[in-house]
Trainee: 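This structure is in structure tokens; I'll ask about it shortly.
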Amino acid sequence: MILKLRGIMLNKVWEIQGSFGLENLKQSTRELSESLAPKEVLVRLTATSLNYRDYLMVIGTYNPRQKLPLIPCSDGAGVVEAVGSEVTLWKKGDRVLPIFAQKWMDGAPNMDNLRSTLGGPNDGCLAQYGKFSESGLVATPSHLTDAEAATLGCAGLTAYNAVVSFGGIEPGADVLCLGTGGVSLFALQFAKMMGARVIITSSSDEKLARAKTLGADETINYSTKTNWERDVRKATKMAGADLIIEVGGAGTMPKSMMSVKPYGTIALIGVLAGGESSLSLYPILMQGVKVQGVIVGSRADFERMNRAIEYNKIKPVVDKVYGWNEVPEALQYLQTGKHFGKVVVSWE
């Protein structure tokens with residue numbers, strides 16, 4: 001039950017206090033005015049999913065200049081608690097998801113859009129209540145729980161745009177997904193939705209077997225097959241992959257460039273294996289390869305993705321769900337890389 005005192009709500013939050021580091025991520029209480037601007041919506045948040053960006057934000061690597069205190073976590077799900085006098089899109093009781101970049105409605109973003117992101121520089125969703133513009137929310141797919149739906153805003157939308165918007169995937173195309181984290185598994189699901197063949201890599205045979213049950217056509221254990229780019233070539237009859245979901249960054253990019261077909265696309269999404277290196281540009285030039293950075297997506301993208309998810313009854317892959325008091329443990333688990341799919345924190 002939320003506490004109220006003279007029009008002020010006492011909102012329970014997790015926040016990074018004083019300086020960066022998991023030891024400085026602490027529970028706190030913030031005052032939140034009950035009054036709403038005309039276009040504002042009060043949302044009772046129920047769940048968040050963890051992205052590697054959130055972990056890097058907490059430890060200070062993502063943006064060492066980030067102002068503190070900060071409520072972390074870019075993803076969220078919840079229920080509308082109250083609406084401002086001019087809100088027309090939502091009513092009390094609606095299930096909603098905040099969008100990552102609150103000002104990015106459609107098309108290509110500008111710098112102002114990219115500065116409106118949740119979980120840094122603006123407060124995120126690791127709170128029991130949050131206020132959002134009515135245009136900063138989308139409807140939750142009806143067949144998903146809040147814990148499942150909380151995975152969609154960043155990992156889901158990034159994968160959707162990589163596969164559908166930028167990848168230009170057609171039936172029969174070959175898609176290579178690196179690893180079995182949240183983005184890669186969403187990409188697997190969206191690629192299968194588009195009729196593509198999917199090759200996926202992991203250092204774990206157990207994870208690869210699980211990926212098979214999701215529809216992966218070919219699996220490669222990169223710890224035993226260190227020259228995995230050769231296996232990708234073999235799996236594609238030496239043609240190369242049409243699209244590569246590149247989450248490793250500098251550490252895996254050279255092999256990705258040897259795995260992609262001429263005029264194929266490398267969707268650069270993460271830097272789990274490093275963000276800087278000496279990299280030869282000749283393979284990109286000589287084969288006409290497109291390297292596309294993917295920055296999540298707009299509100300319109302989110303709505304398009306949710307329609308596809310609802311129509312195809314896609315269910316996000318949730319590895320583990322933690323409780324409100326277990327946030328540091330959840331982030332530590334995410335950092336180990338042992339997860340298969342998404343790590344979620346749910347408090348209802």
Side-chain angles (χ1 to χ4, degrees), residues 43 45-57 72-79 95-101 117-119 124-127 130 137-164 177 179-193 200 207 210-211 214-215 245 247 269-270 272 294-297 299 301-324 326-327 330-331 333-335 337-348:
V43 177
L45 295 163
T46 59
T48 185
S49 71
L50 303 183
N51 300 289
Y52 199 63
R53 174 186 191 268
D54 302 319
Y55 172 75
L56 295 179
M57 188 67 73
C73 293
S74 305
D75 281 328
V79 180
R95 298 176 63 216
V96 292
L97 308 172
I99 64 174
F100 173 54
T117 51
L118 301 177
C125 295
L126 201 47
L137 301 166
V138 298
T140 301
S142 60
H143 69 293
L144 300 182
T145 66
D146 283 4
E148 292 168 333
T151 67
L152 299 179
C154 287
L157 189 51
T158 297
Y160 176 84
N161 275 329
V163 172
V164 179
C177 298
T180 54
V183 172
S184 294
L185 292 186
F186 269 121
L188 186 163
Q189 291 174 296
F190 289 132
K192 297 306 294 183
M193 179 186 79
I200 195 163
K207 289 182 177 181
R210 294 175 68 183
L214 292 173
I245 304 300
V247 297
I269 293 165
L272 298 178
V294 184
I295 317 172
V296 189
R299 183 180 193 271
D301 293 327
F302 205 160
E303 290 185 315
R304 281 189 285 269
M305 177 189 71
N306 282 355
R307 286 196 294 270
I309 286 173
E310 188 130 32
Y311 180 80
N312 292 279
K313 294 296 183 283
I314 291 173
K315 298 274 280 188
V317 180
V318 175
D319 179 275
K320 199 168 182 179
V321 179
Y322 287 83
W324 175 261
E326 301 174 306
V327 172
L331 285 165
Y333 178 62
L334 179 79
Q335 192 276 332
K338 295 178 180 178
H339 54 288
F340 181 86
K342 293 295 292 181
V343 180
V344 172
V345 179
S346 178
W347 48 95
E348 286 197 15

Trainee: Quick one: does any side-chain atom of S184 pair with a main-chain N or O of C177 as donor and acceptor, under 3.5 Å?
Mentor: no
Trainee: So do Y52 and V247 actually touch side chain to side chain, heavy atoms under 4.5 Å?
Mentor: no
Trainee: Do E303 and R299 sit within salt-bridge range, that is, some charged N less than 4.0 Å from a carboxylate O?
Mentor: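 Looking at E303 and R299, the cut-off is met.
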Trainee: Given F186, which of L152, T158, V317 fulfils the side chain to side chain contact (heavy atoms under 4.5 Å, CB included) condition?
Mentor: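 Looking at L152, T158, V317, the match for F186 under the side chain to side chain contact (heavy atoms under 4.5 Å, CB included) is L152.
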Trainee: Identify which one of S49, P98, C125 satisfies the side chain to side chain contact (heavy atoms under 4.5 Å, CB included) criterion when paired with D75.
Mentor: S49
Trainee: Flag the pair K192 / L188 as yes when at least one side-chain heavy-atom distance between them is below 4.5 Å, and no otherwise.
Mentor: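 They are in contact (side-chain heavy atoms under 4.5 Å apart), so the answer is yes.
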Trainee: Look up atom CG in D301 and atom CG in N306, then write down how far apart they are to the nearest 0.5 Å.
Mentor: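 These two atoms lie 11.0 Å from each other.
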Trainee: For L45, is there any backbone N or O sitting under 3.5 Å from a side-chain donor or acceptor partner on W347?
Mentor: yes
Trainee: How far does CD1 of I309 sit from CD of E148, to the nearest 0.5 angstrom?
Mentor: 11.0 Å
Trainee: Where do P141 and R95 come nearest, in terms of heavy atoms and distance?
Mentor: O-NH1, 3.9 Å
Trainee: Check whether E310 reaches the backbone of S142 with its side chain - one donor and one acceptor, N or O, closer than 3.5 Å.
Mentor: yes
Trainee: For A101, does its backbone N or O pair with a side-chain atom of T117 as donor and acceptor, under 3.5 Å?
Mentor: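 A pair under 3.5 Å: no.
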Trainee: Which atom names give the shortest non-hydrogen contact between V345 and G323, and what distance separates them?
Mentor: CG1-O, 3.6 Å
Trainee: Quick one: pull up CD in Q335 and CG in D54 and give me the separation to the nearest 0.5 Å.
Mentor: 14.0 Å
Trainee: What distance do N161 atom CG and I295 atom CD1 have between them, rounded to the nearest 0.5 Å?
Mentor: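 Here the interatomic distance stands at 10.5 Å.
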Trainee: Give me the atom names and distance for the closest heavy-atom approach of A187 to I245.
Mentor: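 So the minimum-distance heavy-atom pair works out to CB-CG1, 3.7 Å.
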Trainee: Has the side chain of N51 got a donor or acceptor atom that lies under 3.5 Å from a matching backbone atom of C73?
Mentor: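 It does not hold such a pair.
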Trainee: Are V343 and Y322 packed together at the side-chain level, in the sense that at least one heavy-atom pair is separated by less than 4.5 angstrom?
Mentor: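 Touching, per the 4.5 Å side-chain cut-off.
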Trainee: If you count heavy atoms of other groups shown closer than 6.0 angstrom to NZ of K315, is the number above 12?
Mentor: yes
Trainee: Just to verify, what does Y160 make a ring pair (Phe, Tyr, Trp, His ring centres under 6.0 Å) with, not counting sequence neighbours?
Mentor: F190
Trainee: Without swapping roles, check the side chain of S74 against the backbone of L118 for a donor-acceptor pair under 3.5 Å.
Mentor: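 Judged by distance alone, yes, a pair lies under 3.5 Å.
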Trainee: Compare every heavy atom of A155 with every heavy atom of G182, then report the nearest pair and how far apart it is.
Mentor: C-CB, 4.2 Å
Trainee: Work out which heavy atom in T140 is nearest to a heavy atom in A149; give both atom names and the distance.
Mentor: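 Shortest heavy-atom contact: CG2-CB, 3.5 Å.
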Trainee: Listed by chain and number, what are the side chain to side chain contact (heavy atoms under 4.5 Å, CB included) partners of K207, not counting sequence neighbours?
Mentor: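 With sequence neighbours excluded, K207 shows a side chain to side chain contact (heavy atoms under 4.5 Å, CB included) to T180, S202, S204, F340, given in chain and number order.
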Trainee: Carefully, step by step, assess L97 and F302 under the rule side chain to side chain contact (heavy atoms under 4.5 Å, CB included).
Mentor: CA-CA 10 Å; L97 308 172; F302 205 160; 3.8 Å; yes
Trainee: Looking at every heavy atom in both H339 and Y333, which two are closest together, and how far apart are they?
Mentor: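 Between these two residues, the closest heavy atoms are CA-OH, 3.6 Å.
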Trainee: H143 side chain to I314 main-chain N or O, any donor-acceptor pair under 3.5 Å?
Mentor: yes
Trainee: How many angstroms lie between CG in L50 and NZ in K320, if you round to the nearest 0.5 Å?
Mentor: 12.0 Å
